[in-house]
Each structure stands twice: as C-alpha cells, then as structure tokens.
Amino acid sequence: MTQKVAVLGTGKIGEALLSGMIGAGWAPADLLVTARRPERADELRARHGVTPVTNAEAAKNADTLILTVKPQDMGTLLDELAPHVPADRLIISGAAGVPTSFFEERLAPGTPVVRVMTNTPALVDEAMSVVSAGTHATEAHLAHADEIFGAVGKTLRVPESQQDACTALSGSGPAYFFYLVEAMTDAGILLGLPRDKAHDLIVQSAIGAAKMLRDSGEHPVRLRENVTSPAGTTINAIRELENHGVRAALIAALEAARDRSRELASGTKD
Ligand SMILES: NC(=O)C1=CN([C@@H]2O[C@H](COP(=O)(O)OP(=O)(O)OC[C@H]3O[C@@H](n4cnc5c(N)ncnc54)[C@H](OP(=O)(O)O)[C@@H]3O)[C@@H](O)[C@H]2O)C=CC1
Ligand SMILES: O=C(O)[C@@H]1CCC=N1
C-alpha cells in the first residue's frame, strides 16, 4: 500500500527532509506539503515536484503527518488540524521542546505521536536525529520515523525524557561548530592570514577532525593528546582555552539550551 507522507510547515527543516526523502526514493507524488504563504507553496512544487495542499487536506489524505512549524506556531496549527485528523494518522513532530503529550491532549484519543529532533546537516544527508515514542506510538511507528529521518542521516532512539538534552547537544550542535569556525577564522585574521585562506584552513581541519572522531575509534582525549606535543604549540593554546573557561562555558551554554527547550514545552511561549 502506498504510504502518503505530508510535511506541514515546510520551512528549512521540512524542505531538507523532503529533499532527502526524494533522494532516498520516495515518489514526489506520494509527498504532500503545506506552507503558510502561496509563493512558498509554488517554490516547493517547482523545486521538488511535490503537491501543496492545505493543512486540512494533508490530514485527510496523508497517512503520516510531519509537523515542522516553529514550536510557537504549533498550538495554532493543531487548533486548525485537530478536527480533521483521524485517530489512525501517525503524527511526527520535529519541533524543539514540545512534548508528545501536547499533541495527545489536542488530538483524538489513541493518536500515535513520535517526537524527533533533527539538525540542519539534514541538508547534506548528515543529520543526527533522535526519535522518541509518545504514549500510543508502536515499534512500527518508530520504525517509520526512523526510515523517514534515515533518509537525511543517522537516527537514534532515546526516551522522551532525554529530548531536551539532545536538542541542546545535536539539535543546536551545528551552530556551535559554525560559531567556532567563525571565531577561529577571526583568529587567523589576527595572525595576518587573508580571510579566505583562514576559512579554508579551518574548514578542512574541521572536516579532518570530524572524520577522525567518527572513524578512528579513538577517544577525543587521545586524539587531542596526539596533537599536543610536549613544549609544543598546541599546549599553549589549550592553556588559554582553560584560562578562559571555554569548557565551563560550553557546559553552561548547553545547559541554557536544554532549559530553553524545556520552556518551549507549552508550544506557545515566545
Ligand atoms: N533550524 C534548526 O536548526 C532546527 C529546527 N528544528 C525544529 O524544526 C522546526 C522548523 O524549524 P525551521 O525549519 O528552522 O523553521 P522555518 O521557519 O524555516 O519553517 C517553519 C515553516 O512553517 C511555516 N508555517 C508556520 N505556521 C504554519 C501553518 N499554520 N501552516 C503551514 N505552514 C506554517 C512557516 O511559514 P512562514 O515561512 O510563512 O513563516 C515556515 O515556512 C521548529 O519546530 C524547530 O524547533 C529542529 C532541529 C533543528
Ligand atoms: O534554535 C532552535 O530552537 C532550533 C532547535 C534546535 C536547533 N534549532
């Protein structure tokens, strides 16, 4: 049986998912999208050959509804959707913070809900997505979510109680690496390198380090020790990072991101 999937609120994350699914073999004819603005709907149709529909039509015609609006827009979307969603639809939420109970309270009793936190490397099929079951989601529902998000990268099952922490680590994670590259490029400028060269040096170093982290099987501490020669250059830099509390700053930063994810639980908080 053909399973139709609808992406509701197709912005950055929704479009990355759509594009990955088509790349992985989903037929555009089986993919429905919704958008708030008609020009966005036209853009999605032109780029991907998918069918723009209203939220109500998506609820009626798709077996799986993937909700990728901002957490603050989720309440409004659900108010609009709830009267149209039959209880056998699988609801997958991609929103930060919003718990599965938020959907279960607003939809027909027994509606299966799966919560997923992905990240923007979905755009290059290198996403890290964490997947959690709501009260009525079965193994088959989770497997379907794994299959969809597996089209854009890796997936990992976690208990929903860990979703806010995962949002802080991997959901927001790419931003911290981009921030680091930006800061290191500035350092290159200070040291007299042209910006484009500094950028290339840092980006290639980041790619190399990421591949080693993923593929070498070595602990990150060992990988760093291998770079850090006695009385060499690296240890001088590490001392400055420690003096400036970078490790503590990162721990505090991720704790703040986790706390914000918790705050977004109401699906309405600005
Ligand atoms: N960006 C990221 O790094 C990550 C984001 N997320 C989560 O993914 C979700 C989407 O984020 P992102 O893609 O960045 O956000 P975007 O703003 O790019 O996408 C949301 C889209 O939903 C549309 N929209 C809002 N309300 C409705 C509605 N009622 N009906 C139809 N469309 C609607 C918006 O329209 P309009 O264009 O008019 O505003 C927008 O295009 C969020 O919940 C976020 O927490 C998860 C992981 C990472
Ligand atoms: O900043 C945010 O709220 C979203 C969720 C995770 C990454 N971006």
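Numbering starts at 1 and runs along the sequence shown. Every number for a ligand or one of its atoms is a count from 1 in the order of the listing.
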### Query
Looking just at side-chain N and O atoms, do S170 and N119 make a donor-acceptor pair shorter than 3.5 Å?
no
### Task
Using distance alone, determine whether I13 and ligand 1 share an N or O pair under 3.5 Å.
yes
### Summary
Ranked by distance from atom 5 (C) of ligand 2, the top protein heavy atom is A96 CB, 3.8 Å
### Message
Please list, in number order, the atoms of ligand 1 under 4.0 Å from a heavy atom of M117.
### Response
46 (C), 47 (C)
### Message
Checking the N or O distance criterion of under 3.5 Å, is ligand 1 in contact with L77?
### Response
no
#### Entry: R40 near ligand 1 by a heavy-atom separation under 4.0 Å
no
### Message
Under a 4.0 angstrom heavy-atom cut-off, which atoms of ligand 1 come close to T120?
### Response
2 (C), 3 (O)
### Query
Got an N/O contact under 3.5 Å between N119 and ligand 1?
no
### Task
Have a look at ligand 1 and work out which part of D73, if any, has a heavy atom under 4.0 Å from it: side chain, backbone, both or neither.
side chain
### Task
For a side chain to side chain contact (heavy atoms under 4.5 Å, CB included) with H144, tell me which candidate from T64, D63, T138, V114 qualifies.
T64
### Query
Does any donor atom in the side chain of E15 or H48 lie under 3.5 Å from an acceptor atom in the other side chain?
yes
### Task
Answer yes or no for atom 2 (C) of ligand 2: protein heavy atom present at a distance under 4.0 Å?
no
### Query
Counting from 1, what ligand 1 atoms have a heavy atom of T34 closer than 4.0 Å?
31 (C)
### Message
Using only atom types and a distance under 3.5 Å, with no angle test, would you say the side chain of S216 pairs donor to acceptor with the backbone of L213?
### Response
no
### Task
May I ask whether T76 has any heavy atom positioned less than 4.0 angstrom from an atom of ligand 1?
no
### Message
Tell me the contacting part of K12 for ligand 1: side chain, backbone, both, or neither, using a 4.0 Å heavy-atom threshold, strictly below.
### Response
both
### Query
Is the closest heavy atom of L8 to ligand 1 under 4.0 Å?
no
### Message
Suppose we measure from atom 8 (N) of ligand 2 to each protein heavy atom; which comes out shortest, and what is that distance?
### Response
G171 O, 4.5 Å
